[in-house]
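Take a look at the structure below.
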Number of protein chains: 2
Amino acid sequence: MLKEETKTAPRDCGECPIRHRAVCARCEADELEQLDRVKYYRNFQAGQTVVWAGDQMDFVGSVVSGIATLTQAMEDGRTQMVGLLLPSDFIGRPGREKAIYDVVATTDMVMCCFRRKPFEELMSNTPNIAHRLLEMTLDELDAAREWMLVLGRKTAREKIASLLTIIARRDATLGFGKAHGKMTFDLPLTREAMADYLGLTLETVSRQISALRKDGIIVLEGKRHVTVPDFERLMEEAGDDCDGGLLA
Amino acid sequence: MLKEETKTAPRDCGECPIRHRAVCARCEADELEQLDRVKYYRNFQAGQTVVWAGDQMDFVGSVVSGIATLTQAMEDGRTQMVGLLLPSDFIGRPGREKAIYDVVATTDMVMCCFRRKPFEELMSNTPNIAHRLLEMTLDELDAAREWMLVLGRKTAREKIASLLTIIARRDATLGFGKAHGKMTFDLPLTREAMADYLGLTLETVSRQISALRKDGIIVLEGKRHVTVPDFERLMEEAGDDCDGGLLA
DNA sequence: CTGGAATGTTGATCTGGGTCAAAGTTCTTA
DNA sequence: TAAGAACTTTGACCCAGATCAACATTCCAG
């Protein structure tokens with residue numbers, strides 16, 4: 001049932017696609033070598049759980065390729081996604097024994113893991129790592145706060161538009177191409193996952209996507225492939241005039 | 001009109017009330033001295049704006065006493081509070097020129113400010129500062145994510161209960177006393193500010209507070225002074241069974 | 001292919017919280 | 001000590017989004 005290695009890990013850091021965006025972005029050759037000693041790659045399939053909230057977690061690491069989600073749940077089953085982890089994003093918290101969120105791979109995913117204890121030690125001797133991690137954490141904090149506005153104050157339609165905006169921007173940044181005019185991308189999330197991210201029900205997500213389609217804001221091919229004829233138009237629908245920011 | 005110094009700044013770090021919780025928590029004597037050279041205190045009155053979103057910000061710093069809020073607004077006036085800054089919390093982001101949120105003092109407040117440029121330099125030579133800031137930022141990220149669950153998935157009543165829970169916990173941590181059984185504290189926020197924090201209208205906030213009062217979950221003296229007869233009961237209302245965490 | 005999970009769409013109805021409106025309470029400042 | 005101004009409560013009504021239900025589509029495994 002295992003597909004034969006969806007995507008293989010990079011052979012070494014030199015050809016790693018996230019070399020210049022991840023925690024290791026600012027490391028020198030010798031530092032990379034130290035990291036290399038405590039590092040290993042792991043592959044996950046779409047749908048697979050990386051960690052369960054409450055589990056012991058003896059590694060931290062970076063998303064190399066693919067997408068994962070960070071999710072929090074209440075006892076009665078209500079669920080809120082609190083983070084969307086894209087290539088180069090960091091998973092885990094140095095100094096923390098147990099995961100406090102569920103981490104799930106929503107697409108096939110490759111992770112570059114570091115054994116936690118040695119990584120923590122490395123961090124205290126390697127300002128380049130600690131510094132980059134601080135920077136990334138501050139970015140994520142900004143993204144989380146931006147998302148608080150979405151959750152707290154935006155309408156369902158604006159929420160959907162905001163999510164599309166983020167995904168489109170990410171594709172522009174990571175792949176090639178500008179974040180304006182005509183754009184095309186795939187939704188890496190199911191309707192349900194979108195609902196969990198947006199604080200909506202999946203029915204509402206479905207309806208609002210249909211509405212945006214009817215209004216010509218987006219064009220769908222199949223369920224997942226989206227074309228945005230005019231990105232500026234989409235941003236207006238999202239309610240945030242142009243504000244940059246967002247998203248690590 | 002100025003009250004004669006609501007609360008004065010500490011004379012020196014030795015008697016600073018946040019000495020062991022703020023960015024400087026782990027600094028040695030010599031490091032404190034370096035910080036001292038770029039530091040100054042500022043007093044704000046309740047209601048005063050500390051920084052406007054978009055403004056140049058040439059300082060960062062810590063809340064010494066009092067409370068401030070971090071707020072984000074859409075052009076049409078919808079407003080979402082994205083942070084509640086308590087004593088020892090850090091304001092501003094090293095490396096960032098312009099504020100991206102409004103910062104407002106909701107009570108009289110004393111800040112310990114550092115000139116931004118020299119602080120940034122200091123940070124690169126002083127792992128103790130950078131490290132502590134990373135730790136604090138990670139805590140704030142956790143708090144922001146916890147809040148995403150509140151905003152996205154909780155009912156109005158649960159939201160109010162969650163907020164009361166946070167404030168009660170803070171008072172327990174900062175002041176004296178345990179976070180269980182009978183607790184008493186003052187609300188540092190107006191109904192409107194609570195609404196902005198919770199993604200509600202002030203009418204709903206008012207109604208739900210009345211409802212909690214009627215149900216005996218809380219007892220009010222005046223508008224602001226709250227007694228919680230049974231903290232466990234309040235936590236149940238908040239929907240999170242006991243989960244610790246939250247709040248820097 | 002084919003039967004059954006997932007996954008997604010659409011409709012009908014209900015409801016929690018928003019909106020609008022009017023009073024009631026404090027707090028100021030004169 | 002009075003007259004605002006700011007804050008809070010409460011009521012009546014409404015609507016965006018939830019809930020419940022049926023059906024369509026896609027994707028597999030056998």
Side-chain angles (χ1 to χ4, degrees), chain A residues 1-3 45-48 74 76-80 104 106-108 150-163 186-214 218 220-226 237 239, chain B residues 1-3 45-48 74 76-80 104 106-108 150-163 186-214 218 220-226 237 239:
Chain A
M1 194 258 206
L2 283 163
K3 311 181 189 169
Q45 292 183 267
Q48 209 179 336
M74 297 171 65
D76 63 7
R78 278 177 286 174
T79 265
Q80 175 67 50
V104 178
T106 56
T107 65
D108 290 340
V150 173
L151 290 173
R153 293 304 186 189
K154 292 196 177 178
T155 64
R157 169 183 264 244
E158 289 170 333
K159 284 178 174 181
I160 299 286
S162 297
L163 178 58
D186 282 302
L187 291 174
L189 302 174
T190 65
R191 301 289 185 260
E192 188 181 28
M194 290 191 237
D196 281 346
Y197 202 10
L198 297 168
L200 297 170
T201 59
L202 74 170
E203 292 96 326
T204 299
V205 169
S206 184
R207 272 187 254 273
Q208 295 298 336
I209 288 182
S210 298
L212 288 174
R213 183 164 47 65
K214 245 166 239 150
I218 59 175
L220 286 181
E221 274 173 89
K223 305 298 180 189
R224 298 296 195 85
H225 193 75
V226 179
E237 291 290 344
Chain B
M1 192 263 208
L2 284 163
K3 313 187 188 162
Q45 291 184 268
Q48 209 179 334
M74 299 173 64
D76 63 7
R78 277 177 286 175
T79 265
Q80 176 66 50
V104 178
T106 56
T107 64
D108 291 339
V150 173
L151 289 172
R153 292 303 184 189
K154 292 196 177 179
T155 64
R157 170 183 265 243
E158 289 170 332
K159 285 179 174 182
I160 299 286
S162 298
L163 180 56
D186 282 303
L187 292 174
L189 301 174
T190 65
R191 301 289 186 260
E192 187 180 29
M194 290 190 237
D196 282 345
Y197 200 10
L198 297 167
L200 297 170
T201 58
L202 74 170
E203 292 95 326
T204 298
V205 169
S206 185
R207 273 187 254 273
Q208 296 297 338
I209 288 182
S210 298
L212 288 175
R213 184 162 47 66
K214 246 167 240 150
I218 58 174
L220 285 180
E221 277 173 88
K223 306 297 179 189
R224 298 296 192 85
H225 193 74
V226 179
E237 290 291 343

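First the proteins, then the strands, lettered A, B, ... as listed; each starts at 1.
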Item to check | Nearest heavy-atom neighbours spanning B:A46 and B:D108 | outcome: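 Here B:A46 and B:D108 meet closest at N-OD1, 2.7 Å.
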Please examine the side chains of [Y] and [X], heavy atoms only from C-beta on, and report whether any two atoms are closer than 4.5 Å.
X	Y	answer
A:D196	B:R153	yes
B:V226	B:D186	no
A:S210	A:R213	yes

List every contact pair, protein side and nucleotides 22-27 of chain C side both N or O, where the distance is under 3.5 Å.
none

Distance (rounded to the nearest 0.5 Å) between [X] [atom1] and [Y] [atom2]:
X	Y	atom1	atom2	result
B:Q208	B:M194	CD	CE	12.5 Å
B:T79	B:M74	OG1	CE	10.0 Å
B:T201	B:R207	OG1	CZ	7.0 Å

Separation of [X] atom [atom1] from [N] atom [atom2], in whole Å?
X	N	atom1	atom2	value
B:D196	C:dG17	CG	C1'	16 Å
A:I160	C:dG8	CD1	C1'	13 Å
A:M194	C:dT7	CE	C1'	11 Å
A:L220	C:dT7	CG	P	18 Å
A:L187	C:dT7	CG	C1'	13 Å
A:E192	C:dA5	CD	P	17 Å
A:H225	C:dG8	NE2	P	16 Å

Next on the checklist: Applying side-chain contact (heavy atoms from CB on, under 4.5 Å) to A:V150 and A:L163, what does each step give before you reach the verdict?
Outcome noted: CA-CA 9 Å; A:V150 173; A:L163 178 58; over 6 Å; no
Item to check | Distance below 4.0 Å between A:R224 side-chain N/O and C:dT7 OP1 or OP2 | outcome: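 Looking at the OP1 and OP2 atoms of C:dT7, neither is under 4.0 Å from any side-chain N or O of A:R224.
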Next on the checklist: Base contacts versus sugar-phosphate-only contacts with protein, heavy atoms under 4.0 Å: please encode nucleotides 10-23 of chain D as B, S and - from 5' to 3'.
Outcome noted: BBB----SSBB---
Item to check | With B:K159, the side chain to side chain contact (heavy atoms under 4.5 Å, CB included) member among B:V205, B:T204, B:L198 | outcome: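 Considering B:V205, B:T204, B:L198, a side chain to side chain contact (heavy atoms under 4.5 Å, CB included) with B:K159 is found only for B:L198.
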